[in-house]
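Take a look at the structure set out below.
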Amino acid sequence: MLLLSANTDPWAIARNQVLNLVNQARSEHGLAPLASDPLLQKVGDAFCEKLLAEGRSGHFASDGVAPYLRYLLAGGTGFHRENVGSYQTTSPLSPEEIPSLAVELTKTMLAEKPPADGHRRTLLVPEATHMGVGLAFSQGRLVLTHEVATKLADVSPVAPICQPKNRLFFSGRLTAPWQPAAVEVLWEALPEPKPVSTGGSYSYPPRRAWFGPQEFLPGTRVTFPGALLVQNGGRFEFRSAAGPHPGVELLVLWAQRPGGSVLYPVALSGCVVLTEPLQPALAFWMSLQKKERP
């Protein structure tokens with residue numbers, strides 16, 4: 001069997017060239033580069049393979065699981081954003097064409113003009129830190145995703161599956177000089193199968209609650225349903241309780257720079273609230289925490 005190096009493997013070449021192209025654009029806008037992230041790549045690859053197998057496009061496969069939830073269930077802790085693109089032709093494609101097609105799809109996104117520039121804005125989010133390039137390929141189609149995350153906190157996430165009204169504990173430490181500012185709780189119904197491609201854009205669920213920081217003296221008993229404790233050195237602890245009904249509950253950590261007034265989403269946690277066994281569609285994305293791509 002022929003072993004491919006990063007210099008000859010078209011998959012590795014495509015990922016490197018796309019990341020370099022994005023980082024060049026970010027540099028031209030005075031932004032820090034994005035680092036390659038294996039988990040984001042794994043989630044992106046799995047999603048691209050689903051789109052390819054199902055002949056679909058857009059941000060949802062037939063399982064109806066949203067981009068941020070796929071990443072969260074796979075073990076992600078950054079605030080997640082996603083671009084999706086594809087190239088299709090009636091002529092046979094060769095693996096050697098993967099890098100050039102992936103680059104062209106990315107160039108098209110970076111060339112977008114406001115107000116129809118959602119893909120471009122995703123790649124140029126100032127506080128974004130990491131990216132994974134998802135790819136799937138067949139004889140007549142290439143599917144690509146940019147899985148972008150803002151990972152500015154070392155966090156201990158909540159358990160991804162919980163019962164209604166279970167207590168949730170979300171904690172960690174922000175990268176200096178960022179300071180915790182709030183935790184936003186979002187909620188949506190459990191994913192449902194989507195019989196047809198929806199295409200277009202997507203958004204995070206609506207807000208259920210917002211918790212600003214509170215000061216607690218040592219030994220103070222923290223009350224529920226929600227409390228955000230901020231400590232020195234960027235440390236934070238958020239204690240809350242899941243909602244009373246099945247659904248998806250997301251916890252978004254917002255932060256600010258010292259002296260600043262603008263808040264940025266910098267970390268993500270949350271759980272799927274269930275009263276019945278875990279759906280196979282959700283279990284698939286959770287399995288990526290253990291499954292290594294060959």
Side-chain angles (χ1 to χ4, degrees), residues 4-26 28 34 36-68 70-71 80-125 128 130-149 194-202 285 288 293-294:
L4 299 177
S5 69
N7 294 325
T8 59
D9 179 6
W11 300 91
I13 294 172
R15 298 186 210 277
N16 289 336
Q17 290 185 354
V18 168
L19 182 60
N20 290 339
L21 178 63
V22 171
N23 281 338
Q24 179 182 345
R26 290 180 65 87
E28 291 170 356
L34 303 179
S36 178
D37 186 283
L39 178 60
L40 288 167
Q41 176 185 314
K42 185 189 298 186
V43 173
D45 281 350
F47 179 59
C48 288
E49 289 165 3
K50 278 184 174 288
L51 290 183
L52 192 65
E54 297 174 359
R56 298 169 71 102
S57 59
H59 293 282
F60 293 88
S62 61
D63 59 19
V65 181
Y68 45 82
R70 297 193 290 264
Y71 173 62
H80 178 270
R81 300 172 174 90
E82 180 185 77
N83 287 335
V84 182
S86 67
Y87 176 86
Q88 191 162 354
T89 178
T90 56
S91 302
L93 295 174
S94 68
E96 289 73 24
E97 294 179 88
I98 293 174
S100 61
L101 292 175
V103 166
E104 285 304 312
L105 285 171
T106 304
K107 284 183 176 179
T108 299
M109 295 182 189
L110 287 169
E112 292 174 343
K113 303 296 183 184
D117 63 338
H119 299 103
R120 175 180 173 273
R121 286 186 281 113
T122 292
L123 297 174
L124 298 180
V125 168
H130 293 76
M131 184 171 81
V133 180
L135 293 168
F137 171 79
S138 68
Q139 276 198 332
R141 188 181 182 205
L142 174 73
V143 183
L144 167 143
T145 67
H146 303 136
E147 309 287 339
V148 180
K194 293 185 179 295
V196 296
S197 296
T198 55
S201 60
Y202 73 98
W285 296 106
L288 296 186
R293 185 180 177 88

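Being a predicted model, the structure only gives us computed values, none of them experimental.
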Show every donor-acceptor pair shorter than 3.5 Å between a side-chain atom in residues 105-115 and any protein atom, with sequence neighbours excluded, or say none if there are none.
residue : atom : partner : partner atom : Å
Thr106  : OG1  : Ala102  : O            : 2.9
Thr106  : OG1  : His146  : NE2          : 3.0
Thr108  : OG1  : Glu104  : O            : 3.0
Glu112  : OE1  : His119  : N            : 3.1
Glu112  : OE1  : Arg120  : N            : 3.1
Glu112  : OE2  : His119  : ND1          : 2.6

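- Between Ser36 atom OG and Met131 atom CE the span is 8.0 Å, to the nearest 0.5 Å.
- Counting only distance, with no hydrogens or angles, the side chain of Arg81 and the backbone of Pro67 share no donor-acceptor pair below 3.5 Å.
- A pairwise comparison of heavy atoms in Thr122 and Glu82 identifies CG2-N, 4.4 Å as the closest pair.
- Using cut-offs of 30° and 60° on the angle between ring planes, the pair Tyr202 and Phe60 is perpendicular.
- Checking side-chain atoms of Glu147 against main-chain N and O of Val43 turns up no donor-acceptor pair under 3.5 Å.
- Considering only heavy atoms from C-beta on, Phe137 stays 4.5 Å or farther from Tyr87 through its side chain.
- Looking at Arg26, its side chain does come within 3.5 Å of a backbone N or O of Leu123 through a donor-acceptor pair.
- The shortest non-hydrogen separation linking Gly118 to Asn83 is O-OD1, 4.3 Å.
- Atom CD of Gln88 sits about 12.0 Å away from atom CG of Leu101, to the nearest 0.5 Å.
- The only option from Asp45, Asn20, Asp9 that meets the side chain to side chain donor-acceptor pair (under 3.5 Å) definition with Arg15 turns out to be Asp45.
- Of all heavy-atom pairs spanning Cys48 and Thr145, the tightest one is SG-CG2, 3.5 Å.
- Atom-to-atom distance recorded for Leu19:CG and Asp37:CG is 11.0 Å, nearest 0.5 angstrom.
- Partners of Ser94 under the side chain to side chain contact (heavy atoms under 4.5 Å, CB included) rule, at least two apart in sequence or in another chain, are Glu96, Glu97.
- For the atom pair OG (Ser138) and CG (Leu52), the distance works out to 4.5 Å, reported to the nearest 0.5 Å.
- The NE2 atom of His80 lies 6.0 Å from the CG atom of Leu40; values are rounded to the nearest 0.5 Å.
- The minimum heavy-atom distance between Leu135 and Ile98, with the atom names listed, is CD1-CG2, 4.3 Å.
- Separating the CD atom in Gln17 from the OG atom in Ser100 is a distance of 8.5 Å, to the nearest 0.5 Å.
- Residues Ser86 and Arg141 approach most closely at OG-NH2, 3.6 Å, considering heavy atoms.
- The salt bridge (Lys or Arg N to Asp or Glu O under 4.0 Å) check on Asp63 picks up nothing, with sequence neighbours excluded.
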Do Tyr71 and Leu39 pass the side-chain contact (heavy atoms from CB on, under 4.5 Å) test, and can you show the C-alpha distance, the side-chain angles, and the key distance before you say yes or no? CA-CA 8 Å; Tyr71 173 62; Leu39 178 60; 4.1 Å; yes
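- Between Gly58 and Leu51, the shortest heavy-atom distance links the atoms O-CD1, 3.6 Å.
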